[in-house]
Every structure is written in structure tokens, then in C-alpha cells.
2 protein chains.
Amino acid sequence: MVYVCLMAVDPDHVLRSAAALLTRKSTATMDEVAKAAGISRATLHRHFAGRDALVRALESLGIEECRAALDTARLDEGTASEAVRRLVGAMEPAAGLLAFLYTENQLFEGEEQNAGWSLIDDRISALFRRGQLAGEFRIDLTPAWLTEALYGLMASGAWMVHSGKGAPKDFQHMIVELLLGGALRREES
Amino acid sequence: MVYVCLMAVDPDHVLRSAAALLTRKSTATMDEVAKAAGISRATLHRHFAGRDALVRALESLGIEECRAALDTARLDEGTASEAVRRLVGAMEPAAGLLAFLYTENQLFEGEEQNAGWSLIDDRISALFRRGQLAGEFRIDLTPAWLTEALYGLMASGAWMVHSGKGAPKDFQHMIVELLLGGALRREES
DNA sequence: ACCATATGAGACACCAATGTCTCATGCTGG
DNA sequence: CCAGCATGAGACATTGGTGTCTCATATGGT
């Protein structure tokens with residue numbers, strides 16, 4: 001007879017609470033993370049061996065959300081511009097978590113889970129490359145740089161929204177318009 | 001009789017060493033910082049009361065470098081586009097330090113030294129606003145967002161160079177072209 | 001009703017980094 | 001040469017966070 005999850009704590013809920021907290025305060029202690037999730041530190045420790053394990057799990061969550069966003073954005077359909085717009089919209093909910101991981105991962109430099117990120121980078125880079133081949137995007141900016149810039153702009157956008165200096169509803173527009181159109185005004189609308 | 005700095009350690013040299021190190025490893029200990037500067041931890045501690053004081057000093061250094069970059073870029077001269085290009089070029093040496101402070105300052109949220117940053121933000125925002133008033137920049141992206149985006153792109157650029165995925169010589173071009181022109185290809189060259 | 005399991009609360013040792021101290025050793029100016 | 005001071009090295013206590021443990025309790029299945 002197998003006893004499955006009696007008063008089980010939802011690990012996903014814990015992860016999302018942790019993500020929300022660490023997004024705001026990246027140095028939050030295990031105790032704070034536990035309180036934020038509404039559980040005790042002991043229980044938190046039962047589900048995640050330690051802080052490293054927690055961050056790893058958060059990284060996996062981030063990778064998974066990115067993958068899901070990439071899927072729902074259907075990068076192969078329509079013009080590359082439209083795909084970029086969909087992508088930014090789909091990734092918006094994960095922007096805060098990504099910003100946290102973006103700054104945290106410099107510590108795990110040259111580690112293992114980079115494979116997961118590489119896949120995501122590749123898919124985004126491929127999108128920009130598709131736009132270049134279609135004559136839609138300029139070719140003097142490498143897909144790798146455009147990908148990195150997309151991350152940076154999403155982090156800036158998330159920071160702007162989080163600090164109250166920008167409205168969440170403008171998130172997608174701000175990023176897409178700047179990334180694709182740039183700051184220069186165009187005569188041809 | 002006043003004895004002035006006999007075997008004095010150059011505080012500026014210490015700060016720059018610390019900046020270079022913390023740019024790469026933001027969690028470096030005081031011991032590592034001291035070793036990087038070629039001094040003992042005791043001496044480091046004599047010059048900077050603690051880690052907080054060190055970070056504060058680094059923040060002041062960053063503010064000062066930004067101010068200097070703003071001055072040398074002569075934001076009032078020529079077109080706003082040219083001024084932006086000069087600004088990015090002038091700020092490039094400080095990009096790594098800025099990226100470090102950018103992630104570190106979320107801890108000192110709502111503190112005092114923000115006044116220094118506000119001045120810098122204002123000058124950059126004013127530049128973008130000037131470009132808008134001159135009909136050079138589009139008006140649907142706020143100066144505040146353009147400023148934030150500039151920071152984000154510089155951080156991404158610094159990361160790209162630091163990780164070896166991009167050449168330092170491309171730093172200015174990558175950022176300015178994307179920020180001003182965007183990713184879309186233009187028929188009118 | 002009973003038992004198995006997960007949880008909460010707390011105690012505990014441990015570790016890394018910090019901050020403070022002392023002392024010996026240099027160097028520099030007079 | 002000598003006095004004075006900054007430095008380097010190291011010892012030391014302290015702190016904050018972590019990881020592990022135990023025990024009491026509540027809950028859900030049988």
C-alpha cells in the first residue's frame with residue numbers, strides 16, 4: 001500500500017512564492033522564503049535540500065516557463081516581428097524570475113544546467129536569424145546580440161514595472177517597440 | 001607637524017581593484033577584495049569601515065564616473081543621436097561597475113545616495129527629451145523608459161563582452177544601433 | 001478508533017564572513 | 001640615527017545563515 005501525499009505542500013506553490021520573493025529581494029533567507037510560502041523552515045528544507053537546491057529548482061522552473069512561452073508564441077508562424085511581439089507577451093509573467101536568475105547565474109558560471117538555457121537561446125536566436133534571412137531584420141546586429149538585448153530589455157522592463165515607474169500594460173509595447181523599431185522617429189509611419 | 005600619508009595606500013587604486021573584482025564576482029569576500037588590491041584585509045578595513053562602506057564608496061565612484069562621462073559626452077552639442085553615441089562610448093569603461101551597482105542597489109532600496117543617481121537619470125532623460133522635441137526621436141517611448149533601456153542594454157553589452165561572446169570593439173556600435181535604430185531593416189538606408 | 005505520515009516549532013552545532021584587536025615590521029621624514 | 005606611523009599577519013569573538021535533529025501535533029486513510 002502506497003501512501004501518497006497526505007497533507008502535502010504544493011511544491012509548485014512554494015517555488016512560485018520563492019520566485020516572487022527572490023525577485024524583489026534576491027538575498028532573502030531560507031526563513032523568509034519559508035514564511036512567504038506559508039510553511040515552516042523545516043518543511044521547506046524537507047522539500048529542497050538547501051539553498052542551492054532551491055535555486056536550481058527555480059532555474060528549472062524558469063527554463064520550463066521559457067520553454068512554454070516559446071511554444072505558445074509559435075515563433076515559426078507569421079512574420080518574425082509578430083513572433084517577437086508574441087514572445088515578449090508570453091514571457092512577461094516570467095520576466096521577474098528571469099531577471100533574478102540572470103543575476104544569480106553568474107555564480108554558477110560554467111555549470112551544468114546551461115544546456116537548458118542554450119536550447120532557449122538557440123530558439124530565440126533562430127527567430128532573429130529567420131527575420132534576417134527574410135530581409136525583415138538588419139544583418140549588422142548578430143542574432144546572439146539581439147537575444148542578449150532582449151533579455152536585458154526584459155529585465156529593465158521588469159524592474160521598471162516593479163519599481164512603479166512603468167505600467168504593466170506598457171511592458172510588451174515598450175520592449176517590442178524599442179527592440180524592433182528603436183528610438184529614432186521614422187517618416188514612413 | 002602633520003604627517004601626511006607615508007606609505008599610503010592609494011584608496012582610488014583599491015576602489016578600482018574592488019570594482020574590477022566585484023564586477024566579475026559580486027559575492028567576493030573582503031579578503032578577496034583585499035588580495036585583489038594587493039593589500040591586507042586589515043588595511044582594507046582601515047580605509048573602509050566595512051563592506052557597506054566599500055559598496056557605498058564604489059557607488060560614489062560609479063556616480064562620479066557617470067558624471068564625468070556625461071560631461072565628456074557634451075550632451076547638448078549636435079544631434080541627440082550623436083550625443084547618445086558619444087555617451088555610450090564615454091560610459092563604456094564604467095559599464096561593468098554600473099552593472100554591478102545596478103544589481104546591488106536593490107538592497108539599499110529607498111536609501112539616500114539615490115539623489116546622485118537621480119541627477120544622472122535626469123540628464124540622460126533630458127537628452128532623450130531633447131531628441132523628441134527636435135523631432136528626432138519618437139514620442140511614444142518615454143524618456144524614462146529610454147534611459148532605463150540604455151542601462152539595460154549597457155549591462156547586457158558588458159555581460160556579452162565579459163563572457164567573451166562579443167568583442168569590446170563592437171560594444172558601442174551594438175548598443176547605439178539597437179537603441180536608436182532597432183532591429184528592423186530600413187529600406188531608406 | 002487506530003495508525004501512518006507530514007507538518008510546525010524549536011533546539012543545536014556548524015560554518016563563513018565580518019569586525020576588532022594586538023604585535024612585529026617595515027618605511028619615511030626629520 | 002631616531003622617532004613616528006602605516007602596514008601585514010594573525011588571533012579572537014561575534015554574527016547571521018545554514019543544515020540537522022527531535023518531539024509534539026494535526027490530518028487523512030483504513
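Computed from a predicted structure; not experimentally measured. To find a chain, count down the sequence lines: A is the first, B the second, and so on, and within it residues start at 1.
B:Asp52 has its CG atom 13 Å from the C1' atom of C:dA17, to the nearest Å. Distance, A:Lys35 NZ to C:dT7 P: 17 Å, rounded to whole Å. Distance CZ (A:Phe48) to P (D:dG17): 21 Å, rounded to an integer number of Å. B:Asp31 has its CG atom 11 Å from the C1' atom of C:dA16, to the nearest Å. In this entry the distance linking CG of B:Leu44 with P of C:dC21 reads 17 Å, nearest Å. The CG-C1' distance, from A:Leu54 to D:dG17, rounds to 14 Å in whole Å. When the P atom of C:dG19 is taken as reference, atom NE2 of B:His45 falls 4 Å away, rounded to whole Å. For the pair A:Asp10 CG and C:dT7 C1', the interatomic distance rounds to 15 Å; values are reported in whole Å.
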Name the atoms and distances for all side-chain donor-acceptor pairs under 3.5 Å in residues 31-41 of chain B, with sequence neighbours left out.
from	atom 1	to	atom 2	distance (Å)
B:Asp31	OD2	B:Lys35	NZ	2.5
B:Glu32	OE1	B:Thr29	N	2.7
B:Glu32	OE1	B:Thr29	OG1	3.4
B:Glu32	OE2	B:Lys25	NZ	3.0
B:Ser40	OG	B:Thr43	N	3.3
B:Ser40	OG	B:Thr43	OG1	3.2

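Applying the salt bridge (charged side-chain N to carboxylate O under 4.0 Å, His left out) test to pairs two or more places apart or on separate chains, those with a residue in residues 134-155 of chain B are A:Glu177-B:Arg138, B:Arg138-B:Asp140. Within the structure, no pair that satisfies the salt bridge (charged side-chain N to carboxylate O under 4.0 Å, His left out) test touches residues 161-171 of chain A, not counting sequence neighbours.
Within 4.0 Å (heavy atoms only), A:Arg51 reaches sugar-phosphate atoms of the nucleic acid but no base atom.
Listed by chain and residue number, A:Pro168, A:Phe171 satisfy the side-chain contact (heavy atoms from CB on, under 4.5 Å) test with A:Val161 (two or more places apart in sequence, or in another chain). Taking A:Thr72 as the reference, A:Ala90 meet the side-chain contact (heavy atoms from CB on, under 4.5 Å) condition, with sequence neighbours excluded.
Looking at the side chain of A:Thr43, the nearest of the listed nucleotides C:dG8, C:dT18, D:dG19 is C:dG8. Distance from the side chain of A:Thr29 is smallest to D:dT18 among D:dT18, D:dA9, D:dT22. The A:His47 side chain lies nearest to C:dT7 when the options are C:dT7, C:dT18, D:dG8. If you check C:dG19, D:dG19, D:dT22 against the side chain of A:Arg46, the one that comes closest is D:dT22.
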What protein N or O atoms touch nucleotides 10-12 of chain C N or O atoms at under 3.5 angstrom, if any, and at what distances?
none

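A distance of 8.5 Å separates CG in A:Leu101 from CD1 in A:Ile63, rounded to the nearest 0.5 Å.
Side chain to side chain, A:Thr103 and B:Thr103 fail the donor-acceptor criterion of an N or O pair below 3.5 Å.
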